Each structure stands twice: as C-alpha cells, then as structure tokens.
Amino acid sequence: MTNGVAPNLVAAVDEARQWGRLMEMARLGAIPGDGVNRACLTPLDRESRRLLIGWGHAIGLTESIDALGNLFLRHEGTDPSLAPVLTGSHMDSQPSGGRFDGIWGVIAALEAIQALREAGTPTKRPIELVAWTNEEGGRFAPGCMGSMAYAGHSAPDTWDAATDKDDIRFGDALAEHLALEADIPRRPLGGKPFAYVEAHIEQGPKLEAEDRDIGIVTGIQGSRWFTVDITGKSDHAGTAPVGMRQDAVQDMVRAITALNTLMYDPTDVLRFTVARIEVSPNSSNSVAGNVRFTIDLRHPDNAVLLARGNAILGVVQAAMRFCTASVIERFTAAPVVFQPEVPDAIERAALAQGLNAVRMPSGAFHDAQFMVPLCPTGMIFVPSARGVSHHPSEYTAPEQLAAGARVLAAVLADLANQ
Ligand code: HGY
Ligand code: MN
Ligand code: MN
C-alpha cells in the first residue's frame, strides 16, 4: 500500500458521526461552560468505556482490558499473526477539562477504523484501538500510568499507594474497576506493536495562528513532577507571636519565590508550574502547620530538565526560615523524538489529501511518549481554538476533527499494510 490510499477511505470518514459521538461522550461528566470532569476509574469513566465498547461492537471490534485497565478494541487483519498497529489516546479528563483532550484521539481511532471497514480497505495487520488508563494524573498522580505500565517503563504496582483527594488508594480503585469490568476479556499487560499513532488536539496556539490543518508531531518535551512537603507547627492566629511561628504557608511563599528565580528562562521555553496547594489545618485562624504543593517542570532539553529539577530540593531547603521541607519526584518523562516512519506517513497522508501540515513538537505530554522505545511512534495534531486546553472552553471544529480523522485513517491503512 502506497500513500495513494483509496479515496473512498477518506470519503468514508463521517464528520457528523464523529462529532455526534464526541458530544455524546461530553455528556458524561459535563460541567458548566461546555467542559468535562471525568476522572479515571470512576463510574463516569466506566460509563464512557461501555459506550465506546458498544460502538466498537456494532462494527465488529472485539474488546479486552489489561491489568492496568487499558481498554483495547481490535480490528482483525488479513494476517492475524502480524504485530498490530496501535492507535488511541485517553478518556479521562482534567477536573475542569474540555470535550476534546484525549477523548478525540479515541473517537478518531474508532472513526478511522470504521471508515476502513466501510470502505472495504484491506489491512494486512490487525489494528488495535487503545484507551489508556489515567493519562491526566488529575485524580491520581502521576499521569500516564496505563501507558507506562504497558510499555514496561514502570512496574504495574508502582502507584498502588497513590491516593486521591478522598484518600482512596489507586491500587484499590483499580481493583474495584477491574472487578466491575470482569466481564471484559483480559489480556496480558504489554505488547510489541508494529507502530503507534495517536491523534490529539494541539492544546497550543501554533496551528490556528499559522492557519494549518494538521500538526505532524516530531517529539514531546520532557516533564518532571515533584511534590514538596513543608512542615511547621500550627498555632493560634491571634496569640502566637509572629517571631515564634513555624508558619508553613510563609515558608512556602519563600520557597516558591526562590524557585521562580531558579526556573527563570528569558527565552520562555522552560515551563514551571505550581498549581496544587494543600494547607493543613486550612483554617483562617490557625497558623498553617503543613503545606504540600506540586511542581510541574517541563523542557525539551533533558540537560536543562535534569539541572533545574535536581536543584529544587536545595533551593527549597535554603528558603526555609522556620520550617523543614522535603521533596519527592512523582513523574519523570524524558524528552522524546519520534522515529521518522510515522511522522513521514502522516506527512504523506496530509499532502495526499491537500491539507496544510507542519512539523512541530508537543508541549503537552502524551501516552505516545512511552511508546517510543517499543515501536515507531507518531502523533497527529489538529488546531485548538485560541490555543486553549485543560479548560471548559477547549474547542476544535467538526471539520477540523474530520480532517484529522481522515489523515489518521490513511496513516492506519498505510502502516497496517507494511
Ligand atoms: O499535562 C499534559 O501535558 C497532558 O495534557 N496531560
Ligand atoms: Mn491529553
Ligand atoms: Mn490533558
């Protein structure tokens, strides 16, 4: 199969069907402002997975799950013994997320596979759609647990003790989830796909600003997540002299101020974010005895990621006036560059369909980051309105999503016949 993919395949991708499925999914966990809050391993998550399985069943796909709850829908190839082409993304959302992050890549994979079947496009290799468990890390940190376990990057029980805001352990939530999906056939964790391709919204401003249809993703910058614990002593806000306090909030402010200096980048490439702060006892008239805050650090150059990240502990501890501090690293995703095979297939498909495509890196992390050591990997981006994501107003138009699904369909046909 060359890149001259049958035009009827491209025509078989149905814009309205894809949009309709996305909007039906968006009702599961809908929040004001067209947003979605659908955390992993929840009843809403399971409801969305059952909806997807139903759509897959209707077109003859067979479902299975692995020990991390990663969900697979398989389209059989003419030679079932061949390594499959894997495609998909995640179904969980941020707590105040949008209707497209992750879930579009899953729905686009379904749309592309359905178009292949309706167009009668033969595929030598099987194609497997995957919905990864807990990509966002919103309920249980870190993100990408399902893909990291599948790829052998981390042992499957690595995160069992991670807790959510209600102190539920990830291991317990996963065990409950797997029990509730016990009717779904189980498959071993892991695999050796022939290739992996993920469709995803850009979550940034580039494609819209340059009036492009498609982003051919060349790689993903590195990410490191840390948790900082500051330990002081709670006290009475009215009586405790300020000079005698061990105020964890005040020392947190000193630490973040010092970290801002450490992380300062005049070129604005480095991304340093503190966005989750837990204070105890969290009462307006009790001095804070304990504070926990998160750090999300990103950069495309691993040397910078290592140098700045490894300096965090020393900077935080030097900033302490009255408290003690500890730092734990929760997540390490090294920068990756995609092998040429899949980006080249994406470029061939976009050009063959007369789309305006550009090669670009990803600022967001994705499950694709962990597939790179396993097989040729790539991602297809479509524009994000105003570059906004991880917000209810996240938006990509139906015709833009359809263009992405058409490229995905052509890429799957290309790869599955190699
Ligand atoms: O945080 C990220 O980069 C991804 O969108 N979860
Ligand atoms: Mn995502
Ligand atoms: Mn996201």
Side-chain angles (χ1 to χ4, degrees), residues 22 25-26 29 31 35-40 45 48 70-71 87-109 129-148 153 159 196-207 215 217 219-227 269-276 294-300 305 330-336 360-371 377-385 387-396 401 404 408:
L22 271 171
M25 275 288 180
I31 57 174
V36 170
N37 176 12
R38 192 171 56 234
C40 73
D45 185 19
S48 69
N70 296 314
L71 172 61
T87 181
S89 191
H90 60 94
M91 300 177 79
D92 63 310
S93 79
Q94 283 284 309
S96 181
R99 295 174 288 173
F100 307 94
D101 177 2
I103 188 63
W104 173 62
V106 174
I107 297 295
L129 179 160
V130 59
W132 299 110
T133 296
N134 190 24
E135 187 276 345
E136 290 290 0
R139 180 184 177 195
F140 298 104
C144 293
M145 288 183 183
S147 51
M148 285 197 281
H153 176 279
W159 310 284
Y196 176 75
V197 51
E198 179 168 352
H200 204 287
I201 55 170
E202 177 200 345
Q203 300 181 292
K206 180 184 174 67
L207 293 179
V217 185
I220 305 174
Q221 72 173 339
S223 298
R224 293 179 77 180
W225 280 10
F226 301 85
T227 299
V269 169
L270 183 144
R271 298 284 180 269
F272 167 68
T273 310
V274 174
R276 190 170 191 165
T294 60
I295 292 172
D296 180 319
L297 171 63
R298 313 216 186 172
H299 199 279
L305 210 56
R330 295 262 186 230
F331 180 50
T332 310
V336 294
M360 61 183 288
S362 173
F365 65 69
H366 300 282
D367 295 300
Q369 198 142 6
F370 301 97
M371 300 303 292
T377 298
M379 292 187 75
I380 300 166
F381 274 175
V382 292
S384 289
V388 168
S389 182
H390 284 194
H391 187 274
S393 66
E394 177 181 281
Y395 184 78
T396 301
L401 297 169
L408 178 62

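By convention here, the first residue in the shown sequence is residue 1. Model, not experiment: these values are computed from the prediction. Counting starts at 1 for both ligands and their atoms, following the listed order.
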Output the distance between atom CH2 (Trp225) and atom CG (Asp296), rounded to the nearest 0.5 Å.
6.5 Å
For residues Arg224 and Thr332, is any side-chain donor paired with an opposing acceptor at under 3.5 Å?
no
Using distance alone, with no hydrogens and no angle criterion, decide if Ser389 and Glu394 have a side-chain donor and acceptor under 3.5 Å apart.
yes
Close N/O pairs between ligand 1 and protein, under 3.5 Å:
| residue | atom | partner | partner atom | Å |
| --- | --- | --- | --- | --- |
| ligand 1 | 1 (O) | Arg298 | NH2 | 2.9 |
| ligand 1 | 3 (O) | Arg298 | NH1 | 2.6 |
| ligand 1 | 3 (O) | Arg298 | NH2 | 3.4 |
| ligand 1 | 3 (O) | Phe365 | N | 2.8 |
| ligand 1 | 5 (O) | His390 | NE2 | 3.0 |
| ligand 1 | 6 (N) | Glu135 | OE1 | 3.2 |
| ligand 1 | 6 (N) | Glu135 | OE2 | 3.1 |
| ligand 1 | 6 (N) | Glu136 | OE1 | 3.0 |

In sequence, state the C-alpha distance, the side-chain angles, and the governing distance for Thr87 and Tyr196, and then conclude on side chain to side chain contact (heavy atoms under 4.5 Å, CB included).
CA-CA 6 Å; Thr87 181; Tyr196 176 75; 5.8 Å; no
Going by heavy atoms in the side chains, are Trp104 and Thr396 under 4.5 Å from each other?
no
Do side-chain atoms of Asn70 reach the backbone of Thr133 as a donor and acceptor pair under 3.5 angstrom?
yes
Hits for side chain to side chain donor-acceptor pair (under 3.5 Å) against His90, two or more places apart or cross-chain, chain-then-number order -> Asp92, Asp101, Glu135
By residue and atom, what protein N/O/S atoms are less than 2.8 Å from the Mn ion (ligand 2)?
His90 NE2, Asp101 OD1, His200 NE2
So, Phe365 versus Phe331, ring centres under 6.0 angstrom or not?
yes
Once side chain to side chain donor-acceptor pair (under 3.5 Å) is applied, do any residues pair with Ser89, and if so which ones, sequence neighbours excluded?
Glu198
